[in-house]
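For reference, the structure discussed in these notes is given below.
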Amino acid sequence: MRSWQVVHRGLALLAVDYGMSLVLLVVAVGFSVATLQEQPADGPEGGRQLARLLARRYPTGGRVVVVARETQADAAFAQALADGLAGSPIEVAAEVRGRPAELRHVLERLSAAPERIDALAVHPAVARWPLLQELPGEFPSLRHVEVLVPRSHVWPSFLKADNLLNIANQIAVIAIMAVGMTMVVIAGGIDLSVGSLMALAAVVATRLIRDLAGAEQAGAWQMAACCVAAMAICGLMGLFSGMITTFAGIPAFIATLAMMLVASGLAYMTAEGESIYELPEVFVWLGRGADLAGIPNAVVLMLLLYAAAQVLMTRTVAGRYIYAVGGNREAARLAGVPVERVTVLVYVACGVLAGLGGVVMASQLKSGAPTYGQMYELYVIAAVVVGGTSLSGGEGQMIGTLLGALLIAVIQNGMNLTGVESYQQKVVLGSVILAAVLIDRWKRRLWQRV
Amino acid sequence: MEPGSRETILEVRGVSKRFPGVQALAEVDLSLAAGEVLALVGENGAGKSTLIKILAGALRPDAGEVRLYGCRSELASPAEARRRGIAVMYQEFSLVPALSVAANIFLGRETSAVGVIAQRGEWRRARELLEQLGAANIDPRTPCRALSTAQQQLVEIAKALATDARLLVMDEPTAALSPAESERLLAIARGLRARGLGILFVSHRLEEVLQVADRVMVLRDGRLVAMRPRGEVDREWLIEAMVGRRLEQEFPRRAVAVGEPRLVVRDLRRGKRVCGVTFSIRRGEVLGLTGLVGAGRSETARLICGADRRDGGTIEVDGRPVELRSPRDGLRAGIALLPEDRKSQGLVLSHSVRHNFSLPNLPRLSRAGWIVRRRERCELEHWLSAAHVRIAAAEQPAGQLSGGNQQKLLLARWLAARCQVLLFDEPTRGVDVAAKFEIYQLINNLAAAGKAVLLISSELPEVMGMCDRILVMQAGRIRGELVAAEATQEQIMRLAVG
């Protein structure tokens with residue numbers, strides 16, 4: 001396939017959910033404007049900026065004092081500054097890490113010393129200390145010393161790299177579960193048990209690690225085996241839901257509602273009503289680690305799953321069968337599609353992915369509790385529906401679900417940033433879900449008329 | 001009956017309607033008097049549905065006017081049209097299956113006291129209406145889903161009468177009825193005409209049109225090509241006017257040597273619908289299976305392809321017994337079914353032509369579960385053109401195709417599947433004349449390729465024209481076998497009614 005064809009197909013795929021991408025874009029731009037504000041350069045970027053500033057200012061060399069507080073961000077700032085100055089003719093006379101009293105102590109010592117000090121390189125938060133304003137009065141010998149602060153810039157808080165990664169991390173669990181839900185809904189079903197399955201997986205995985213794999217001393221492979229076992233149990237629950245709906249003819253809504261209660265109860269029983277914390281430090285690798293260019297591992301996993309699911313749904317026989325079963329069950333059956341097998345398998349996949357969601361969540365929080373995942377089934381279904389998948393089956397796109405999940409996360413995040421209260425957030429979120437679906441419906445009707 | 005002598009109910013003048021890419025109606029004129037039956041015929045896509053929708057208030061014309069009782073009327077909505085005395089019976093019933101007959105008849109016009117429906121009054125009036133239609137055997141209290149197709153049709157008519165309609169539009173009213181039921185419906189239509197209703201009668205069955213109509217209008221490509229009194233038209237003329245060219249003959253000739261038995265069915269039974277059916281079809285043979293609706297024909301076909309489980313009996317293909325638990329097993333054994341209702345059982349309407357074509361063929365079009373798209377495209381092109389399916393694009397939803405093209409698409413899919421035994425259940429229902437001819441040709445080609453074909457049909461001329469032998473079913477049993485060349489309609493009907 002030629003490259004322009006790839007580009008063209010990519011655009012076409014986006015155009016399918018044109019409405020949703022547009023809404024997402026509008027919402028993102030809106031929040032960007034609303035959160036536009038002065039961003040102090042208080043991280044490593046600030047340190048690097050200050051190092052460049054010093055190098056320009058004192059090309060032939062000088063003596064500076066670095067001042068920062070004792071927080072982590074400040075440490076990163078100081079470290080970046082030190083790295084930036086390494087190898088330059090500028091000499092760090094002293095590095096102050098602490099409170100104003102400590103700075104005063106150091107300044108007293110320096111003002112008494114014979115060596116000349118050229119500048120104080122300070123963290124943006126330090127620049128606001130009263131001590132620095134009163135410097136010339138308090139230490140006359142340091143009158144000529146310049147106070148250098150990294151310049152702040154105006155930028156939306158919403159668009160800061162940290163925040164965007166935060167959104168992706170928040171949505172990872174729901175989005176992973178929504179992959180399975182999209183398949184179920186496209187096949188004409190629904191699965192209300194995913195929230196409970198997720199809690200069950202989190203509890204089972206952590207309990208297995210605690211009781212069988214040696215708690216804090218558990219090795220990586222042992223932990224992986226425990227997680228896979230937890231996901232397999234969720235897959236079995238999905239198998240059961242699928243069998244009841246397919247062979248006993250119970251509506252999926254009822255069957256999975258029952259499974260939701262069963263799984264939730266099992267989760268409480270497994271955890272004996274408590275949270276499980278006895279986990280090794282490395283257990284958080286999946287949920288909190290970021291091995292690929294600073295992108296969280298959970299997000300990488302989510303993206304890989306979406307890519308795989310998109311391929312499955314569009315390029316394989318299994319995907320075609322799933323669409324056909326949801327589009328017209330009887331016609332699919334008469335065309336030789338193994339309708340029962342397909343239906344059962346999508347529920348199994350949905351269960352396994354709900355289990356994976358639970359494992360990721362346990363890893364993010366470094367604990368397993370039966371209270372996880374409450375209301376998650378609704379958020380997952382909302383992501384699927386907002387993404388343009390029809391609840392009557394046979395229609396929908398994986399990429400739409402990803403956009404839907406993103407839209408929900410972006411709105412929640414944006415409202416947090418702009419200080420909307422949580423009660424109001426629910427109202428807004430509900431309205432947005434309705435609006436998104438209405439827009440989609442309207443767009444479709446428009447398309448059908450032409 | 002002279003149309004001019006009575007009050008004119010409906011006049012349509014210069015009505016046009018354009019959809020993107022197609023002129024659905026172009027300056028159509030018509031008039032309809034009280035007590036007149038005007039038949040509207042035309043191929044699928046000729047503009048009949050558009051005209052009906054305009055009269056029903058579901059579509060607004062781009063140009064022209066509709067006059068009712070001499071005054072210009074804007075039919076802005078279906079409710080408006082109903083108020084103005086136009087009742088439309090669509091091909092798909094608009095009955096609510098769970099509601100009673102009476103509730104359906106008075107749906108939206110309930111007589112109530114403080115919100116409580118006066119049920120007894122409704123039952124009484126519903127019974128009166130049904131009696132007028134000669135359907136006193138329908139209890140107004142039964143839910144509609146318990147009724148047969150023909151009975152539901154009568155309820156639809158009663159519903160129209162309950163609105164005091166002056167003009168009744170019947171869109172393919174007999175499409176789903178057996179010959180005897182159709183006969184009764186036509187009698188009812190004549191009765192309504194005698195009561196002074198104007199009837200616009202839309203049908204593909206030309207015999208009916210010739211029986212019931214006072215005048216016939218023919219639409220072709222959105223234009224009115226002919227409007228003549230019944231006395232001046234015959235079957236040949238109608239077909240010519242609809243198609244715009246002369247069809248050599250209605251059923252294409254087939255010269256195929258019949259070979260060894262391909263499909264042998266012995267003592268097939270399921271419940272009360274199929275009670276011990278035995279027959280065989282040989283290579284290159286087209287076997288007709290006819291009878292009244294409910295005789296067990298479709299049920300028999302469903303057992304043979306594995307769609308339903310049989311209680312007993314054996315099925316052999318090419319001398320080998322086959323065990324069928326699902327249509328998937330049927331396909332593996334080389335048996336395919338073209339189902340009775342292509343919309344609900346045949347196609348996934350919202351999915352593309354390509355997906356619909358490939359569905360049963362995917363195992364062949366894929367390698368290790370991956371669809372080989374080049375092979376898929378290749379086969380699609382080849383078989384669509386072999387089956388004369390006309391589409392705008394392979395990604396077009398199948399639901400947008402006309403009835404004939406939908407049916408040919410299903411045929412194309414089975415042609416590609418290379419099955420040995422093909423079961424066609426009413427393959428030409430709701431299909432226009434030209435597409436019918438093409439379907440007949442495809443059936444002949446299949447026979448010529450040595451397949452065994454079972455043709456289920458209620459249209460006797462079709463069965464007699466297309467088949468080598470004819471089986472007649474009644475009440476779940478085969479009542480007789482006739483050689484098609486020597487059979488008469490009377491013989492078949494005598495067997496069918498038992």
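Below, chain A is the first sequence line, B the second, and so on; all start at residue 1. Since the structure is predicted, the reported quantities are computational estimates derived from the model, not experimental observations.
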| message | Please classify the contact of Leu337(B) with chain A as side chain, backbone, both or neither, using a heavy-atom distance under 4.5 Å. | response | side chain

| message | Do Leu362(B) and Tyr321(A) have side chains that approach each other closer than 4.5 Å (heavy atoms only, starting at C-beta)? | response | yes

| task | State, yes or no, whether a side-chain contact exists between Tyr323(A) and His351(B) at a heavy-atom distance under 4.5 Å. | result | yes

| query | Do you know which two heavy atoms are closest between Arg328(B) and Gly336(A), and how far apart they sit? | reply | NH1-O, 2.6 Å

| Val311(A) versus Trp370(B): any side-chain heavy-atom pair under 4.5 Å? | yes

| remark: Of all heavy-atom pairs linking Ser344(B) and Glu330(A), the shortest is O-CB, 4.1 Å

| Greater than 12 external heavy atoms within 6.0 Å of Phe240(A)'s CZ | no

| request: Flag the one option from Arg320(A), Glu340(A), Arg333(A), Arg329(A) with the top tally of heavy-atom pairs under 4.5 Å to chain B. | output: Arg320(A)

| remark: Heavy atoms of Leu359(B) and Ala332(A) approach each other most closely as CD2-CA, 4.1 Å

| So which part of Arg332(B) gets closer than 4.5 Å to some heavy atom of chain A, the side chain, the backbone, both or neither? | neither

| field | Greater than 12 external heavy atoms within 6.0 Å of Phe253(A)'s CZ | value | no

| task | Could you have a look at Gly330(B), Ser366(B), Ala368(B), Ala307(B) and say which one has the most heavy-atom pairs with chain A under 4.5 angstrom? | result | Ala307(B)

| CG-NZ distance between Asn328(A) and Lys343(B), expressed to the nearest 0.5 angstrom | 12.5 Å

| request: Enter the distance from Leu347(B):CG to Leu334(A):CG here, rounded to the nearest 0.5 Å. | output: 11.5 Å

